[in-house]
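As the structure is a prediction and not an experimental result, all values here were calculated from the model. Read the numbers this way: they start at 1 and go in the same order the structure lists the ligands and their atoms.
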Amino acid sequence: MRIEFTLNGEARAVEVAGTTPLLWVLRESLELSGTKFGCGRALCGACTVHVDGTAVRACSYPVRYVAGKQVRTIEGLERDAVGRAVVGAWIDLDVVQCGWCQPGQCMAAAALLSADASPDDATIDGAMSGNLCRCGTYPRIRAAIHRAAATLRGEDGR
Ligand code: FES
Ligand code: FES
C-alpha cells in the first residue's frame, strides 16, 4: 500500500506492506539509519521516534499508522528548540558512551521535555525507564535532561 506522511518536515511516500514496522521503512526504504534496532520487541527503546509528538517504538509500530501524520527521527531532532536543547545538553555533559541507545534516549527526552519543562528526578526516571542503556549512562542522561530543561527555561546563562 502507498503511505504518505511527513518525515522531519518533508512530505514522503512509501510503497510497502502496511504491517511493515516503521523502523524498517526508516532505515531500509528511506535510508535514515540514525534510529537504531535493539531488541525488535518494544523492550529497549533504541528505536524511539516521535509520531505527532508522541514517543513510539518504531520496531513495533506498523507503518500504516503514520499515514497523514508527522514523524520525527533523530535526524530531525534539532528542528525545534527542545531538540536543540537536548542535543546541546548531551554534548555539554558528554553523555554518550558506545552510542547505540542514544538516539532513542534523546527522542524520549525530547518528548518528555515537550510535555514537562521542569521534570523532577522521579518524573525523568519514570519517563526514561523504557529506554535501556547497556553502558549505564543513566546518571548523565538524567543530568542532561535537567540541563536541557534549564536551557529551555533560560536559566543556564546562554
Ligand atoms: S528495538 Fe524497538 S524497543 Fe528495542
Ligand atoms: S551508550 Fe552504550 S548502550 Fe547506551
Side-chain angles (χ1 to χ4, degrees), residues 1 3 5-8 12 14 16-79 82-116 119-151:
M1 66 184 287
I3 298 163
F5 58 103
T6 303
L7 176 61
N8 297 329
R12 305 300 293 260
V14 291
V16 292
T19 54
T20 307
L22 175 60
L23 180 60
W24 272 229
V25 173
L26 294 172
R27 290 183 58 90
E28 304 297 332
S29 304
L30 300 172
E31 299 184 338
L32 287 181
S33 59
T35 306
K36 302 307 183 195
F37 174 83
C39 64
R41 299 179 61 191
L43 297 172
C44 75
C47 63
T48 303
V49 300
H50 296 177
V51 176
D52 281 354
T54 298
V56 305
R57 305 285 193 249
C59 70
S60 304
Y61 198 88
V63 69
R64 69 177 183 271
Y65 292 160
V66 307
K69 296 187 175 175
Q70 301 275 340
V71 178
R72 186 158 70 150
T73 67
I74 189 70
E75 289 87 351
L77 184 57
E78 291 180 270
R79 290 174 55 84
V82 172
R84 287 191 292 276
V86 167
V87 172
W90 249 246
I91 293 170
D92 287 350
L93 299 185
D94 203 11
V95 171
V96 176
Q97 194 159 318
C98 84
W100 195 256
C101 73
Q102 298 294 334
Q105 303 282 3
C106 288
M107 297 308 290
L112 166 62
L113 289 169
S114 293
D116 182 350
D120 59 18
D121 284 347
T123 301
I124 291 171
D125 292 349
M128 302 298 292
S129 63
N131 286 75
L132 307 184
C133 176
R134 294 181 66 177
C135 300
T137 63
Y138 302 112
R140 295 203 296 274
I141 288 170
R142 185 199 281 171
I145 292 172
H146 282 302
R147 169 77 68 101
T151 298

Does any part of the side chain of [Y], heavy atoms only, come nearer than 4.5 Å to the side chain of [X], both counted from C-beta?
{"X": "L7", "Y": "V66", "result": "no"}
{"X": "W90", "Y": "I145", "result": "yes"}
{"X": "T48", "Y": "R57", "result": "yes"}
{"X": "F5", "Y": "V14", "result": "yes"}

Q) Taking atom types as modelled, is there a side-chain donor on Q105 or T137 under 3.5 Å from an acceptor on the other? A)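 Looking only at side-chain atoms, T137 and Q105 do not form any donor-acceptor pair under 3.5 Å.
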Q) Does the side chain of R12 pick up a donor-acceptor pair with the side chain of T6 at under 3.5 Å? A)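 On atom types as modelled, these side chains do not qualify, holding no pair under 3.5 Å.
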Q. Charged N to carboxylate O below 4.0 Å: is that the case for D94 and R140?
A.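 Here D94 does not pair with R140 in a salt bridge, since their nearest N and O are not under 4.0 Å apart.
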Q) By side chain to side chain donor-acceptor pair (under 3.5 Å), which residues pair with E78, not counting sequence neighbours? A)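 Expected list: none.
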(Q) What protein N/O/S atoms are there under 2.8 Å from atom 2 (Fe) of ligand 2, waters excluded? (A)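 Under 2.8 Å from atom 2 (Fe) of ligand 2 - ignoring waters, which are not counted - the protein N, O or S atoms are C98 SG, C135 SG.
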Q. Within less than 2.8 Å of atom 2 (Fe) of ligand 1, how many protein N/O/S atoms are there?
A.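 Total protein N/O/S atoms under 2.8 Å from atom 2 (Fe) of ligand 1: 2.
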Q: Keeping to residues at least two apart or across chains, list the salt bridge (charged side-chain N to carboxylate O under 4.0 Å, His left out) pairs with something in residues 63-73.
A: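 Output for this query lists R72-D80.
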